[in-house]
Amino acid sequence: MNSSSEPTQSDQHRKRYTGTLAQEIELRWQEQWDVDGTFETPNPAGPLADPEALVGKQKLFVLDMFPYPSGAGLHVGHPLGFIGTDVYSRFKRMTGHNVLYTMGFDAFGLPAEQYAVQTGTHPAITTEANIANMRRQLRRLGLSHDPRRSISTTDPGYYRWTQWIFSQIFNAWYDTDIAKARPIAELVEQFEAGTRATPDGRAWASLSAAEQADVLDGHRLAYISEAPVNWCPGLGTVVANEEVTSDGRSDRGNFPVFKRSMRQWMMRITAYADRLVDDLDLLDWSDSIKAMQRNWIGRSEGAKVDFASSAGPITVFTTRPDTLFGASFMVLAPEHPLVDALTAPEHTATVAEYRRVAGTKSDVARQVDDKTKTGVFTGSYATNPVNGAQVPVWIADYVLMGYGTGAIMAVPCGDERDFEFARQFDLPIPAIQQPPAAWFEQRGIDAQVGDALDTSAWPEAFTGDAPYVNSSNDGLDLNGLANIAEAKQRTNAWLEAHGCGTATINYKLRDWLFSRQRYWGEPFPIVYDEHGNAHTLPDHLLPLELPPTDSFSPRTFDADDAMSNPESPLDRLDWWTTVELDLGDGPKPYRRDTNVMPQWAGSCWYELRYLDPTNDERFVDAAVEQYWMGPQGEGHPGGVDLYVGGVEHAVLHLLYARFWHKVLFDLGYLSSKEPYHRLFNQGYILAAAFKDEREIYVDAFSVDEHDGQFTYEGKPVTREWGKMGKSLKNAVAPDEIYEAYGADTLRLYEMAMGPLDASRPWETRDVVGMYRFVQRLWRNLVDEETGALRTDLPELDDETDRLLHRTIDGVRTDMDAMRFNTAIAKLIELNNHLTKLGGCPTAIAERLVLMTAPLTPHLSE
RNA sequence: GCCCGAGUGGCGGAACGGCAGACGCGACGGACUCAAAAUCCGUUGUCCGAAAGGGCGUGUGGGUUCGAGUCCCACCUCGGGCACCA
């Protein structure tokens with residue numbers, strides 16, 4: 001269009017590198033790559049095998065976190081990581097690697113379903129259309145994906161294996177003796193042989209079928225249990241702990257979430273807590289992501305200690321058993337089961353009232369309220385096992401039922417919270433450590449040696465390291481010791497010897513709530529017999545396809561209606577829920593499970609399916625998995641060589657996927673212990689967003705700037721920087737950039753903006769810098785009038801030759817380290833030099849083109 | 001409060017402990033044009049100076065070193081994560 005409407009220019013520079021010419025070149029090569037199958041990657045075995053093509057090549061598995069196919073399509077912020085992995089993959093292919101690089105879609109889940117509910121269109125239809133649109137957009141960027149390996153989690157051929165893996169997990173238990181998952185049949189063998197005792201010691205054969213099923217359910221890695229779960233009436237489903245924000249709302253939709261006891265599917269991820277923490281050491285991940293995972297798992301070493309009381313032993317968890325001599329009262333969570341038995345008659349009314357008020361407060365309110373301590377005395381006392389002291393038992397909502405044992409021993413002299421509580425309620429604060437003089441000086445207290453232990457003068461608890469005092473009994477003497485580790489060890493030994501405590505490890509991690517009362521997800525491959533026992537469907541009945549229905553809307557409730565109950569959409573489909581099957585003992589009636597799996601299920605193993613996407617016999621061929629993901633030497637856990645994605649999945653996806661991978665490893669299906677060996681978190685593309693006085697975002701492209709002041713329709717607005725997107729009304733569509741400059745320029749710009757792991761603001765006006773580079777590069781080689789290679793190129797001189805070789809060295813190093821921004825700078829330097837020279841000497845043209853090929857693949861072709 | 005990470009021109013950002021500011025944007029000057037856009041050439045940290053040249057410069061204050069943006073200590077600011085977890 002441009003060239004025909006401006007005849008003068010097109011006559012002069014018919015083959016100048018313009019947006020129009022760039023598009024011509026790009027579309028042509030994208031077509032050619034498809035026709036030639038240029039990016040099809042050979043496997044060592046199976047349907048995609050081409051063993052000869054692997055000879056002499058090192059393998060490399062480069063993976064992007066696969067996207068959710070949203071209806072809004074891509075903006076220029078989305079593909080930053082994709083472009084990075086593409087440049088890297090192309091570079092690695094050019095340097096002798098067999099690179100596995102493809103892209104799939106994480107397409108089950110709430111957004112598609114909510115969109116479907118809004119529009120009345122079935123989610124299968126919108127999902128399919130969105131995937132097609134996204135594939136088109138990604139292809140337009142020139143990404144070198146192997147198209148044969150692309151999957152969607154919603155393909156029955158894919159979720160057949162998601163269901164199969166679920167069955168494996170259901171039919172497995174964690175053997176703590178060998179720290180490994182095993183098939184449940186091996187547990188049955190142990191019970192039958194008597195090598196493992198049943199919970200109540202009776203012979204296995206004497207247990208009824210229902211009792212046996214109960215025992216096994218208590219071991220399964222996927223199990224149904226009645227437990228406090230997160231009920232979200234606004235979404236109409238329960239959600240996992242990981243999907244609840246710190247202010248007690250749903251990650252999706254931002255609705256209130258309530259703790260309710262319900263019967264739901266759980267996954268025993270807690271069995272893997274230690275390995276999930278310990279194996280982080282084997283991974284090439286950033287310290288911050290590792291810290292987030294460690295934090296979430298929350299492993300803390302300590303001891304469980306029993307305090308005798310009229311209601312029986314009260315067990316507390318403490319990380320500081322060494323401070324037991326300073327435990328001068330106890331605090332139980334208001335929901336603690338012993339509270340009723342401990343409450344003395346004259347305290348019944350106050351305790352009941354306190355529990356009632358605490359019960360109405362959601363977890364949110366308990367946290368949002370300032371940290372002022374509240375609590376009431378039960379009227380009972382318990383016995384401190386190390387010194388026999390009678391300590392009062394209180395209840396208070398700063399102790400959480402969900403952590404540890406829901407009861408604590410309070411050591412007010414050494415714990416900030418206990419200190420505040422003691423001050424609040426005027427409880428004694430016995431000292432068990434002698435704080436150093438400096439501690440008093442820093443707090444402006446003139447403490448004599450004699451009255452240092454008078455805690456009434458202390459402004460706060462002493463949490464440091466100092467010699468113990470008043471810490472001895474007949475068999476244990478910590479006085480004078482200043483080594484915490486040794487004091488803990490000696491206390492633990494004493495507790496164990498006297499049967500009133502044991503060293504133990506406590507975790508914050510809870511089991512994973514795995515069922516959802518929604519429609520758009522993987523159905524559970526589970527049926528229930530007439531006694532209500534769960535059975536997995538045999539493999540030949542998989543996939544259990546999601547039944548087609550127009551009635552896919554979930555039953556949602558008033559967002560604050562905590563007492564509502566979930567209703568699965570699948571439950572309405574009587575024709576589907578009741579079924580007659582022969583599971584090996586003749587045809588019988590069964591009822592299907594009507595839950596679906598959470599969004600995260602499909603993303604727990606997708607990288608494995610990329611390896612062997614068409615395999616009908618197994619989820620992945622063993623030799624193929626070994627080739628692409630097997631451990632590489634001693635101490636190497638195996639896994640994807642490079643996994644690129646945003647930091648927002650630090651806990652959820654990355655934790656769940658590691659868990660599933662470890663179960664499959666334990667059961668002997670995989671050679672790799674970990675799914676993702678190296679994780680690289682790319683930054684985000686930020687864009688200016690503008691808010692008016694009502695704090696509402698306005699269209700960022702209609703804002704005017706004047707002397708640093710921003711206005712929208714004449715009214716002042718304030719600028720902030722945020723992740724580019726629809727909600728901030730600042731998204732730039734890639735098509736605009738293609739039209740003006742082409743995809744190669746967009747790729748260059750995104751890679752040149754800064755290091756890949758840093759977030760950076762998008763500036764459309766800056767894009768032209770990379771366009772000029774590409775234009776000069778073109779002009780240095782191609783005649784702008786004819787489009788043919790130039791014949792008037794200069795001879796190679798020594799200076800240019802030296803610069804070339806410096807550039808080759810630098811670009812290779814930078815590309816290898818994924819420092820694409822500095823690689824580009826070096827290429828521009830060389831090209832600027834060539835421009836001054838009057839063109840690119842023929843002798844080095846090929847090398848210049850090869851160096852730019854990963855970045856600007858179409859132009860370089 | 002605790003745990004990560006980062007502070008360099010007007011802006012995005014470069015710098016194995018060795019010429020700070022590569023490369024790009026913008027700005028300014030010039031060429032081309034009737035003119036503009038595009039394109040091309042040049043200048044551009046800052047202060048003094050006509051120039052040659054010189055002073056000052058990597059959040060702040062100390063330190064190590066022949067030499068520090070880079071290493072060490074203390075602090076300030078910003079971003080992210082966790083947060084009454086016993």
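To find a chain, count down the sequence lines: A is the first, B the second, and so on, and within it residues start at 1.
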In whole angstrom, give me the gap between the [atom1] atoms of [N] and [M].
N	M	atom1	value
B:rU46	B:rG9	C1'	9 Å
B:rG53	B:rC34	P	41 Å
B:rC82	B:rC75	P	26 Å
B:rC40	B:rC32	C1'	8 Å
B:rC48	B:rC16	C1'	36 Å
B:rU8	B:rG61	P	16 Å
B:rG21	B:rA15	C1'	8 Å
B:rG30	B:rA37	P	13 Å

In chain order, what residues pass the side chain to side chain contact (heavy atoms under 4.5 Å, CB included) check against A:R790, with sequence neighbours excluded?
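A:R790: side chain to side chain contact (heavy atoms under 4.5 Å, CB included) contacts with A:D783, A:D792, A:L793.
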Apply side chain to side chain contact (heavy atoms under 4.5 Å, CB included) to A:V376 and list each qualifying residue two or more places apart in sequence or on a separate chain.
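Per chain and number, A:V376 pairs via side chain to side chain contact (heavy atoms under 4.5 Å, CB included) with A:V351, A:Y354, A:I395.
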Assuming nearest nucleotide by heavy-atom distance, tell me which of A:R779 and A:G298 is located more 5' along RNA chain B.
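Nearer the 5' end of the strand: A:R779.
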If you assign each of A:F317 and A:I289 to its closest nucleotide in RNA chain B, which residue comes earlier from the 5' end?
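Looking at the nearest nucleotide for each, A:I289 comes out on the 5' side.
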Got a sec, which residues hit ring-ring contact (aromatic ring centres under 6.0 Å, His included) with A:H336, two or more places apart in sequence or on another chain?
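Partners of A:H336 by the ring-ring contact (aromatic ring centres under 6.0 Å, His included) criterion come out as none, since no residue qualifies.
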Going by a 90° cut-off around 0, is B:rG9 syn or anti?
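Syn, angle within 90° of zero.
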From B:rC84, B:rG13, B:rG26, pick the nucleotide closest to the side chain of A:P755?
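The answer is B:rG13, which lies nearest to the side chain.
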Please tell me which of the listed nucleotides, B:rC3, B:rA86, B:rG26, lies nearest to the side chain of A:I408?
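The answer is B:rA86.
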Is the shortest distance from a Lys or Arg side-chain nitrogen in A:K15 or A:E784 to a carboxylate oxygen in the other one below 4.0 Å?
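Looking at A:E784 together with A:K15, the answer is no, because their closest N to O distance does not fall below 4.0 Å.
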Check each residue of residues 821-836 of chain A for a non-hydrogen atom within less than 4.0 Å of any atom in RNA chain B, then write out the ones that pass by number, or none.
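Those residues whose heavy atoms fall under 4.0 Å from RNA chain B, taken from residues 821-836 of chain A in numerical order, are A:N821, A:T822, A:A825, A:I828, A:E829, A:N832, A:T835, A:K836.
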Specify the separation, in whole Å, of atom [atom1] of [X] and atom [atom2] of [N].
X	N	atom1	atom2	value
A:F419	B:rC84	CZ	P	21 Å
A:Y507	B:rA86	OH	P	14 Å
A:Q293	B:rC82	CD	P	13 Å
A:Y403	B:rC82	OH	C1'	13 Å
A:E301	B:rA86	CD	C1'	15 Å
A:E420	B:rC84	CD	C1'	8 Å
A:M292	B:rG5	CE	C1'	10 Å
A:L837	B:rC40	CG	P	17 Å

Any luck finding a side-chain donor-acceptor pair between A:N254 and A:R249 under 3.5 Å?
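A:N254 vs A:R249: donor-acceptor pair found between side chains.
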In the structure I gave you, are the side-chain heavy atoms of A:S250 and A:V244 within less than 4.5 Å of one another anywhere?
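With C-beta onward as the side chain, the pair stays apart.
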Assess whether atom CZ of A:R678 is packed by more than 12 heavy atoms of other residues, nucleotides or ligands within 6.0 Å.
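Count over threshold, so yes.
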For atom CD of A:Q424, decide whether the heavy atoms of other residues, nucleotides or ligands shown that lie under 6.0 angstrom number more than 12.
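Yes, the 6.0 Å shell around CD holds more than 12 heavy atoms from other groups.
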Tell me whether the OP1 or OP2 atom of B:rC82 has a side-chain N or O from A:R294 closer than 4.0 Å.
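So the side-chain polar atoms of A:R294 never come under 4.0 Å of the phosphate oxygens OP1 or OP2 of B:rC82.
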Using a cut-off of 4.0 Å on non-hydrogen atoms, how would the nucleic acid contact of [X] be classed: base, sugar-phosphate, or nothing?
X	result
A:N295	sugar-phosphate
A:R772	sugar-phosphate
A:Q775	sugar-phosphate
A:R299	nothing

Pairs flagged by salt bridge (charged side-chain N to carboxylate O under 4.0 Å, His left out) wherever residues 289-304 of chain A is involved - sequence neighbours left out
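Checked against salt bridge (charged side-chain N to carboxylate O under 4.0 Å, His left out) - neighbours excluded - the pairs reaching residues 289-304 of chain A are A:D274-A:R299, A:D278-A:R299, A:D281-A:R294.
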Paired stems touching RNA chain B, three or more consecutive Watson-Crick or G-U pairs with both distances under 3.5 Å?
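So the stems come out as B:1-7 with B:76-82, B:10-12 with B:23-25, B:26-31 with B:39-44, B:45-48 with B:53-56, B:59-63 with B:71-75.
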Contacts of type side chain to side chain donor-acceptor pair (under 3.5 Å), residue [X], not counting sequence neighbours:
X	result
A:S288	A:S286
A:R658	A:Q293, A:E674
A:W778	none

Under 3.5 Å donor-acceptor pairs involving side-chain atoms of residues 403-410 of chain A, not counting sequence neighbours:
from: A:Y403; atom 1: OH; to: A:S300; atom 2: OG; distance (Å): 3.1
from: A:Y403; atom 1: OH; to: A:N506; atom 2: ND2; distance (Å): 3.3
from: A:T405; atom 1: OG1; to: A:T315; atom 2: O; distance (Å): 2.7
from: A:T405; atom 1: OG1; to: A:A407; atom 2: N; distance (Å): 3.4
from: A:T405; atom 1: OG1; to: A:A407; atom 2: O; distance (Å): 3.3

Please list, pair by pair, any protein nitrogen or oxygen found under 3.5 Å from a nitrogen or oxygen in nucleotides 9-12 of chain B.
from: B:rG12; atom 1: O2'; to: A:M753; atom 2: O; distance (Å): 2.9

Pair listing, side-chain hydrogen bond (donor to acceptor under 3.5 Å, both in side chains) test, anchored in residues 319-334 of chain A, at least two apart
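Checked against side-chain hydrogen bond (donor to acceptor under 3.5 Å, both in side chains) - neighbours excluded - the pairs reaching residues 319-334 of chain A are A:R320-A:D322, A:D322-A:Y468.
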